[in-house]
*Asks:* 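Sharing a structure with you now.
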Amino acid sequence: VKNLQYFMSELNLIDAWRNENPKTKQFSFSNHIGASRIDLFLVDSLIYKNFILKCSISDQRFMSDHFTVHLSILQKTNSQFFMWKLNHTI
């Protein structure tokens, strides 16, 4: 944990989900042994402030022991806004 905190501090990164949910307890991974929030979007603080719309963790899993973490990004191109989505079939 200390190495991750140091890395985030040195590169001025923000945990997008935690920034939006400072007191919420929700997990991105769980199995018969336990649960944790190991799936993160670490985002530069300026990018977060200007382009991140929302970050959320799904409440359902699909063929995995991980819940999907969603990051909505605002992209400015010719006065149009686009939502980028990761192709999860790759």
Side-chain angles (χ1 to χ4, degrees):
V1 172
K2 287 187 179 191
N3 288 339
L4 180 60
Q5 291 171 337
Y6 175 78
F7 173 77
M8 289 171 64
S9 174
E10 286 294 304
L11 296 176
N12 200 27
L13 300 175
I14 292 174
D15 177 348
W17 185 86
R18 177 55 64 204
N19 199 61
E20 291 185 23
N21 304 279
K23 296 182 181 187
T24 304
K25 188 175 184 179
Q26 189 175 7
F27 304 110
S28 63
F29 167 83
S30 69
N31 63 16
H32 65 283
I33 297 171
S36 63
R37 195 176 63 83
I38 61 174
D39 303 292
L40 308 172
F41 278 108
L42 301 178
V43 183
D44 178 89
S45 60
L46 290 175
I47 291 173
Y48 180 85
K49 183 189 294 186
N50 294 301
F51 296 100
I52 303 304
L53 299 173
K54 181 180 178 184
C55 189
S56 61
I57 298 175
S58 173
D59 59 354
Q60 296 181 4
R61 294 181 280 195
F62 180 72
M63 298 177 63
S64 175
D65 50 8
H66 292 260
F67 296 92
T68 306
V69 181
H70 302 271
L71 185 70
S72 299
I73 303 171
L74 177 68
Q75 180 181 353
K76 298 177 183 178
T77 306
N78 298 329
S79 300
Q80 296 178 353
F81 300 100
F82 296 82
M83 197 68 73
W84 180 84
K85 185 175 179 183
L86 177 68
N87 183 350
H88 68 279
T89 61
I90 297 176

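None of these values were measured; they are calculated from a predicted model.
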*Asks:* Quick one: are E20 and K54 in side-chain contact, heavy atoms under 4.5 Å?
*Replies:*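 With C-beta onward as the side chain, the pair touches.
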*Asks:* Membership question, hydrophobic clusters at under 4.5 Å side-chain separation (ILVMFWY): are V69 and L40 in the same one?
*Replies:*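 No.
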*Asks:* Return the CG to OG distance between N21 and S56, rounded to the nearest 0.5 Å.
*Replies:*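 Separation between the atoms: 8.5 Å.
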*Asks:* For the backbone of G34 and the side chain of N31, can you confirm whether one donor and one acceptor N or O come within less than 3.5 Å of each other?
*Replies:*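 Such a contact is found between N31 side chain and G34 backbone.
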*Asks:* Taking atom CG of L42 and atom CH2 of W17, what is their separation to the nearest 0.5 Å?
*Replies:*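 L42 atom CG to W17 atom CH2 measures 13.5 Å (nearest 0.5 Å).
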*Asks:* Let me confirm one number: the CE-CG distance from M8 to L11, rounded to the nearest 0.5 Å.
*Replies:*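 Here the interatomic distance stands at 10.0 Å.
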*Asks:* Does I73 share a hydrophobic cluster with I57, counting links as ILVMFWY side-chain heavy atoms below 4.5 Å and allowing steps through other members?
*Replies:*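 Same cluster: I73 reaches I57 through Ile, Leu, Val, Met, Phe, Trp or Tyr contacts under 4.5 Å.
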*Asks:* May I ask you to list the residues sharing a hydrophobic cluster with L46, side-chain cutoff 4.5 Å, ordered by chain and number?
*Replies:*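 Besides L46, the cluster holds no residue at all.
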*Asks:* Under 4.5 Å between side-chain heavy atoms, chaining through other members, with only Ile, Leu, Val, Met, Phe, Trp and Tyr counted: pull out the rest of the cluster around F27, sorted by chain and number.
*Replies:*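 None; F27 is a cluster of one.
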*Asks:* Kindly give the cluster partners of F29, where membership spreads through any ILVMFWY side chain lying under 4.5 Å from a current member.
*Replies:*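 Listed partners: I38.
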*Asks:* Under the side chain to side chain contact (heavy atoms under 4.5 Å, CB included) test against Y48, which residue among N50, I52, D44 passes?
*Replies:*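 Going through N50, I52, D44 one by one, the side chain to side chain contact (heavy atoms under 4.5 Å, CB included) with Y48 is satisfied by I52 alone.
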*Asks:* So, taking the atom named CZ in R37 and the one named CG in D15, what distance separates them when rounded to the nearest 0.5 Å?
*Replies:*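 Taking CZ in R37 and CG in D15, the distance rounds to 4.0 Å.
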*Asks:* Given the rule that I, L, V, M, F, W and Y join up when any side-chain heavy atoms are under 4.5 Å apart, are I47 and L13 in one cluster?
*Replies:*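 As far as the 4.5 Å side-chain criterion goes, L13 and I47 are not connected within one cluster.
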*Asks:* What's the separation between atom OG in S30 and atom CD in Q26, rounded to the nearest 0.5 Å?
*Replies:*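 Reported to 0.5 Å precision, the distance equals 11.0 Å.
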